[in-house]
Amino acid sequence: MSRHSQEVVGFFKRVEPELIDLIRELVELESPSGDIERGREVVDWVEKQAQGLGLDLKFERHKAEDLGEHLIIKAFPGSADPILLLGHLDTVHPVGAKAKNPTRIEGDKFYGGGIFDMKANVVLMLAAFRYFAETGTKPAHPITIVLSCDEEIGSPTGRAIIERGAADAAFCLVFEPSAAGRVKTGRKGTGMYTVSAHGIPAHAGLEPEKGANAILELSRQIEAIQRLNAPGIGTTVNVCTISGGTTMNVIPEYATCSVDVRFTTIAEAERIDKALNTLAAADDRVTLEISGGINRPPLERTEQVVALFEKARDIAASFGYELGETQVGGASDGNFVAALDVTVLDGLGVTGDGAHTLQEHILVSDIANRAALITLLLAAQ
Ligand SMILES: [Zn+2]
């Protein structure tokens with residue numbers, strides 16, 4: 001175990017009771033996406049905590065129409081490209097949910113709405129700053145923290161703020177929940193499409209031959225759509241909803257289906273997009289209409305991502321902490337950053353479970369280790 005690592009872990013073990021109190025305070029401030037008043041309260045809380053650290057910090061608050069406020073904190077000014085620490089202050093839990101999952105510690109489990117996704121992790125960002133402030137040391141780069149208020153509803157206004165924050169970043173650490181402690185070195189991109197068939201209606205009994213059956217045509221297309229799957233390389237294509245026709249006795253004029261697409265590379269996204277947009281009707285009396293497209297680009301497990309993960313893993317090993325990696329199907333705001341060619345390591349949050357449920361919790365025993373890992377990663381050249 002290296003002496004520096006040991007000293008950093010020791011620091012966070014010592015201040016752990018204070019970190020627990022801070023996590024409890026932040027979790028108790030319920031902040032569902034879109035609650036402007038409560039959203040402002042959590043931004044006030046974070047700003048006040050950061051101001052108390054005695055560092056030279058710059059704060060920017062960006063009002064998000066009808067949603068709340070995004071907070072940007074800039075620290076450790078210097079000429080190097082900044083490291084972007086990305087997180088969000090909104091949760092999926094409605095006001096009052098804390099009565100159903102009270103903020104409490106039972107054994108090693110620290111329960112609370114939004115504690116795992118991701119309020120404990122916001123406290124980790126502040127804890128790293130506190131370490132630098134109290135030891136008079138500095139991270140290797142300037143740091144920009146971006147905390148958005150609308151991540152849980154797809155980042156309609158946060159996306160632009162995040163992309164601006166990422167523009168000149170050396171790399172980006174995303175404080176989303178880990179997967180059983182493992183960081184996320186890949187997230188699939190997502191696409192959503194609608195495929196519709198316009199046929200010709202006719203009486204199903206008297207003159208069905210005059211009709212062109214939209215449901216039959218769409219059924220044929222669905223076979224072709226499902227054949228686009230390539231699970232071996234992480235591409236999934238699934239028709240998820242379907243509707244069509246009007247009533248018995250009528251050859252259906254119209255049918256429509258929605259298609260969920262997930263991919264790990266842009267090349268695959270383009271292959272699927274092209275295939276869907278060039279679907280051809282088997283019955284030439286039927287017209288196909290395709291809409292939709294790629295929503296989020298993939299967070300690809302590039303060489304740079306692997307190198308950043310390995311750096312984090314080696315730092316963790318320096319104090320006897322084992323760090324694993326995984327790739328997941330769900331997207332995060334990290335996907336937007338990765339699309340700008342910035343190296344992203346996601347899922348740095350404290351180990352826990354039950355995101356978005358009333359069993360949401362973190363493990364107390366992981367707080368100091370995770371804080372140390374992040375601090376050492378920020379300090380590393
Ligand atoms: Zn989250």
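Considering every non-hydrogen atom in both C149 and A64, the closest pair reads SG-CB, 4.0 Å. Nearest heavy-atom pair, A133 versus L53, reported as atom, atom and distance to 0.1 Å: CB-O, 3.5 Å. In terms of heavy-atom proximity, I105 sits nearest to G107 at CG2-O, 3.4 Å. The two residues I233 and T264 have their closest heavy-atom pair at O-OG1, 3.1 Å. Smallest separation of non-hydrogen atoms from L288 and A280: CD1-C, 3.8 Å. When all heavy atoms of V350 and S178 are compared, the closest pair comes out as O-OG, 3.8 Å.
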Derivation of the salt bridge (charged side-chain N to carboxylate O under 4.0 Å, His left out) call for E163 and R159
CA-CA 6 Å; E163 287 177 340; R159 180 177 182 169; 2.9 Å; yes

Check the pair T185 / Q327 against side chain to side chain donor-acceptor pair (under 3.5 Å), numbers first and verdict last.
CA-CA 6 Å; T185 47; Q327 293 86 45; 2.8 Å; yes

Would you please test L85 and T144 for side-chain contact (heavy atoms from CB on, under 4.5 Å) and show each step?
CA-CA 6 Å; L85 308 187; T144 302; over 6 Å; no

Kindly indicate, with the supporting measurements, whether the criterion side-chain contact (heavy atoms from CB on, under 4.5 Å) is fulfilled by I222 and C257.
CA-CA 9 Å; I222 287 169; C257 69; 4.2 Å; yes

Using the rule given for side chain to side chain donor-acceptor pair (under 3.5 Å), can you reason through D150 versus S33, listing the C-alpha separation, both sets of side-chain angles and the distance that settles it, and then say yes or no?
CA-CA 6 Å; D150 61 0; S33 319; over 6 Å; no

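Of the charged side-chain nitrogens involved, at least one lies within less than 4.0 Å of a carboxylate oxygen, so that R61 and E69 count as a salt-bridged pair. Salt bridge annotation for R40-E37: present, with a cationic side-chain nitrogen under 4.0 angstrom from a carboxylate oxygen. We find that D333 and R296 are joined by a salt bridge, their nearest charged nitrogen and carboxylate oxygen being less than 4.0 Å apart. Comment: R220 does not engage E223 in a salt bridge, judged by the lack of any side-chain N to carboxylate O separation of less than 4.0 angstrom. A salt bridge links D260 to R262: one of the charged nitrogens lies within less than 4.0 Å of a carboxylate oxygen. A salt bridge links R301 with E325: the closest approach of a Lys/Arg side-chain nitrogen to an acidic carboxylate oxygen falls below 4.0 angstrom. Taking a cutoff of 4.0 Å between a charged side-chain nitrogen and a carboxylate oxygen, E106 and K109 do not qualify as a salt bridge. Salt bridge annotation for E28-R24: absent, with no cationic side-chain nitrogen under 4.0 angstrom from a carboxylate oxygen. Under the 4.0 Å criterion applied to side-chain N and carboxylate O atoms, E217 and R285 are not assigned as salt-bridge partners. The pair R130-E134 meets the salt-bridge criterion, since a charged nitrogen lies less than 4.0 angstrom from a carboxylate oxygen.
Between the E207 side chain and the A202 main chain, no donor and acceptor come within less than 3.5 Å of each other. With N213 contributing its side chain and I251 its backbone, the two residues share no donor-acceptor pair below 3.5 Å. Under a 3.5 Å cut-off, the side chain of E322 and the backbone N or O of A317 do not form any donor-acceptor pair. Side-chain atoms of N277 come within 3.5 Å of backbone N or O of D273 as a donor-acceptor pair. Under the 3.5 Å distance criterion, the side-chain polar atoms of D90 are matched with a main-chain donor or acceptor of E151. Formation of a donor-acceptor pair under 3.5 Å by the R104 side chain with backbone atoms of G112 is not found in this model. In terms of modelled atom types and a separation under 3.5 Å, the side chain of D81 and the main chain of A169 share no donor-acceptor contact. Of the possible polar contacts, none joining the S155 side chain to the G158 backbone as a donor-acceptor pair under 3.5 Å is found.
Using a 4.5 Å heavy-atom cutoff, the side chains of I23 and K119 are not in contact. L89 places a side-chain heavy atom less than 4.5 Å from the side chain of V43. Annotation: side chain of L345 is in contact with side chain of F309 (closest heavy-atom distance under 4.5 Å). Counting heavy atoms from C-beta on, the side chains of H356 and E152 come closer than 4.5 Å. Within the 4.5 Å cutoff, side-chain heavy atoms of V364 are placed close to those of I20. Side-chain contact between C172 and V174 is present, with at least one heavy-atom pair separated by less than 4.5 Å. Proximity of V146 to L84: side-chain heavy atoms (C-beta onward) are separated by under 4.5 Å at one or more points. Side-chain contact between P32 and V92 is absent, with no heavy-atom pair separated by less than 4.5 Å.
The closest side-chain donor-acceptor pair between E176 and H88 falls under 3.5 angstrom. Donor-acceptor pairing under 3.5 Å is recorded for the side chains of S258 and T241. Of the N and O atoms on the side chains of N229 and T236, not one donor lies less than 3.5 Å from an acceptor on the other residue. A donor-acceptor contact closer than 3.5 angstrom is absent between the side chains of S31 and E41. Looking only at atom types and distance, the side chain of T235 has a donor-acceptor partner in the side chain of E268 under 3.5 Å away.
In this structure, CZ on R370 lies 13.5 Å from CZ on F12, to the nearest 0.5 angstrom. Summarising the geometry, atom CD belonging to E360 is positioned 6.0 Å from atom CG belonging to D117; distances are rounded to the nearest 0.5 Å. In this structure, the separation between CG on L67 and CD1 on I36 is 7.0 Å, given to the nearest 0.5 Å. Put simply, NZ on K188 and OG1 on T265 are 11.0 Å apart, with the number rounded to the nearest 0.5 Å. Distance check: I145 CD1 to L126 CG gives 6.0 Å after rounding to the nearest 0.5 Å. Rounding to the nearest 0.5 Å gives a distance of 11.5 Å between CZ of F336 and CG of L299.
More than 12 non-hydrogen atoms from other residues, nucleotides or ligands lie less than 6.0 angstrom from CG of N249. Taking a 6.0 Å sphere around NZ of K74, one finds it holds 12 or fewer heavy atoms contributed by other residues, nucleotides or ligands. In this structure, E209 places its CD atom where more than 12 heavy-atom neighbours from other residues, nucleotides or ligands lie under 6.0 Å away.
Using a 30° and 60° split on the angle between ring planes, F132 and F76 fall in the perpendicular class, above 60°. Aromatic ring orientation, H361 versus Y111: tilted (interplanar angle from 30° to 60°).
Hydrophobic clustering places L378 together with V123 (ILVMFWY residues linked when any side-chain heavy atoms are closer than 4.5 Å, directly or through intermediates). Residues M192 and L218 do not share a hydrophobic cluster, defined by chaining ILVMFWY side chains whose heavy atoms lie under 4.5 Å apart. A continuous path of Ile, Leu, Val, Met, Phe, Trp and Tyr side chains, each step under 4.5 Å between heavy atoms, connects I72 with V344, placing both in one hydrophobic cluster. Neither L340 nor I83 shares a network with the other; the hydrophobic side chains, linked directly or stepwise wherever heavy atoms of I, L, V, M, F, W or Y lie under 4.5 Å apart, form separate groups for each. The hydrophobic cluster containing I73 also contains W45, counting ILVMFWY residues as joined when their side-chain heavy atoms lie under 4.5 angstrom apart, directly or transitively.
Aromatic pair H198/Y254: ring centres closer than 6.0 Å.
Test V261, N295, I294 against T190 for side chain to side chain contact (heavy atoms under 4.5 Å, CB included) and you get one pass: N295.
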